[in-house]
Amino acid sequence: MFTELNVILGFDHLKPPKGQFVLISDSLTDGSFLIHHFLSLYIKGGWKVCLLALAQSFGHYNTVGQKLGVHLTQAREKGQLKFIDGLNHSLQAYTCTAQDGPDENPLRCLRDKKATLRPLYNLVKTHVCGEEGVLEGPTLLLVDDLSLLLSLGVPVKDVSDFVHYCRVLMCPSQQSQGAMVSLVHKDADVEDEENSSLFRHMAYHSTVHLAVEGLSSGYSRDVHGQVTVTFRNVQDPSQPQTRKRRLQYKLEERNVSFFAPGTSRAVL
Amino acid sequence: MLQQVLEGTEASSLVVVEDCVEHDGRPVLHCFCSELSKRCDSVHLFHLENPAEGFLAGANISKIHSHDGFSDPLRWEEQKRDSSADRIDLTSPPDFLGHIKKTPSKASPVAVVIDSLTPLLQKYPGYVICRALQRLLRARLESDGTEVSQVVAGFHGDLHDNSTAAALRHMATTWVQLQEGAESPTQGGAGFHGNCEVLHRRKSGKVIRQDEVYHISPQWSLTSRVQKTPVRPAVQGEQEPQADPTANLTFNLRLTDTEKEARSRVVLPYMHHQRKRAPDRPAATPGGQIFYQPDDVDDFDEEDPDDDLDF
């Protein structure tokens, strides 16, 4: 499952990414299949996952997870998966009234302009860390997705601070136990200055950038798009600089097959 | 030029390394950090975007004092704060010189490396940062006289607007703009390399702008050389030969000389020629005459239908 991509990135479910911040960007297509991939990779390996879901409900991830061979309901009950229902919190932030008492909503910055995403960060921290307040074993923080925070009205600066703190928590250096994966939309046909600015901020923090886009030649039945893998923040200069790799992919029922450009089974 | 500024042969008080998403400037900052730790008595590293360990490889660690702006810049982790380490707090305006003065060792001159200016510029307007940098550059004029020999700062060109970049560019004595370069042909691929445009202002007033290629070895030493741009001829000397449309055809489109002569003598219709004009019919109405032959069913009346109009 996703074996070719795992080989290029250097991780699999026995050797999960550590100390990495993987940024997934998609342009005019849906890159969320990579989010499901990382989710199932970590669950299969038995590692801890915290999923901050702003785009979809738990049922959606569960359904897709079942196709990929993981049981998210079970993982959630066991405590392996911590699910933060961003959809629900954002709805409550908009629909709560003043009589409901002190605001405990982690997304209260949606109503209160003076608040930042600090409550959300504190919630993530309680889910991710053990009693001592440090990570126990390889842990993954999945954020799906960051552009939604912009759409909800959070300024780029606040999202950038939140991601900075999450990065310090999960993967400050390449030897840390944790890893972070997040998705940002980067549509090429829309002149969205805020989204581009957010993408650039995230790109500077990231260690691996997976850019998912459609083929430049248009729609094809056998090749659904291409993924460009860029390794950033390379610490060790003695490693050869294979900075960029390009792969094409095809989405199937239970899997996504990756292959080098031009070597699709339909072509060869 | 970049190598000379790095090694100190060209004096430069403020070096700004501008990078972009496509081309990371952190390796260059790392080289500056390790080179300055060999050259100067003390290096103050203000790291806001990466942990300090990322800059210490290959450097003389005993001379580097790091000021941590990475772990907790906004004080969201109050209870975990380690009061022994010096932390940069973005909730108050930046004061680089204050941090330097707080360190116990009073070595002078000091060098300063800042990675990078972006988190500061996000919180405070450009002039506040410029003022803090200016105070750092003029530290020697203050009462306790700490001398700052060189300040190297990183700057992400694609995250800030042009006015901030212009303000910093005016302050900087050396501005290094990094660009993606072609793959280095000589080295196997180890190390970092790229192109850069260096704008250097000397104290004498001379401004030097050079396009250079730089290479960073695995031991974090940087070498650079001026890139020779190919000289283009100023004027296109010869026109490209016009493509011959009659070449490479299966049929013959060429004319012999007699045929060309005959062609030049062909009289085109509808052209006025002196000898062709009929002499017996001068043009009564301009534009020619109309000859109308009525049919049997035509009711051709010679009278003018407009005669009875009386305006």
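The sequence lines fix the lettering, A, B, ..., with proteins before strands; numbering per chain opens at 1.
The minimum heavy-atom distance linking A/R200 with B/V21 is given by the pair CG-CG2, 3.8 Å. Nearest approach of A/P172 to B/P51, heavy atoms of both residues: O-CG, 3.2 Å. What you find for B/S71 and A/V168 is that their closest heavy atoms are O-CG1, 3.5 Å.
Using a 4.5 Å cut-off between heavy atoms, B/H156 touches chain A through backbone and side chain atoms alike. If you measure heavy-atom distances from A/S160 to chain B, the contacts under 4.5 Å come from the side chain alone.
Of all the listed residues (A/H164, A/K157, A/H205), the one sharing the greatest number of non-hydrogen pairs under 4.5 Å with chain B is A/H164.
Other residues, nucleotides and ligands contribute at most 12 non-hydrogen atoms within 6.0 Å of the CG atom of B/N162. Atom NZ of A/K48 has more than 12 neighbouring heavy atoms from other residues, nucleotides or ligands inside a 6.0 Å radius.
Neither side chain, B/D24 nor A/Y204, offers a donor N or O lying under 3.5 Å from an acceptor on the other. Between the side chains of A/H201 and B/Q122, a donor-acceptor pair is found at a separation under 3.5 Å.
Evaluation of the ring pair (Phe, Tyr, Trp, His ring centres under 6.0 Å) rule for B/H200 yields no partner, not counting sequence neighbours.
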- Go through the steps to decide whether B/E22 and A/T230 satisfy the test side chain to side chain contact (heavy atoms under 4.5 Å, CB included), and finish with yes or no. CA-CA 10 Å; B/E22 291 85 28; A/T230 312; over 6 Å; no

- Could you walk me through whether B/L74 and A/D161 pass side chain to side chain contact (heavy atoms under 4.5 Å, CB included), step by step? CA-CA 8 Å; B/L74 301 173; A/D161 290 335; 3.5 Å; yes

- Message: Between A/Y165 and B/D72, is the side chain to side chain contact (heavy atoms under 4.5 Å, CB included) condition met? List the steps.
- Response: CA-CA 8 Å; A/Y165 268 87; B/D72 189 12; 2.4 Å; yes

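Atom-to-atom distance recorded for A/L169:CG and B/W76:CH2 is 11.5 Å, nearest 0.5 angstrom.
In this structure, the side chains of A/R167 and B/F70 come closer than 4.5 Å at one or more pairs of heavy atoms.
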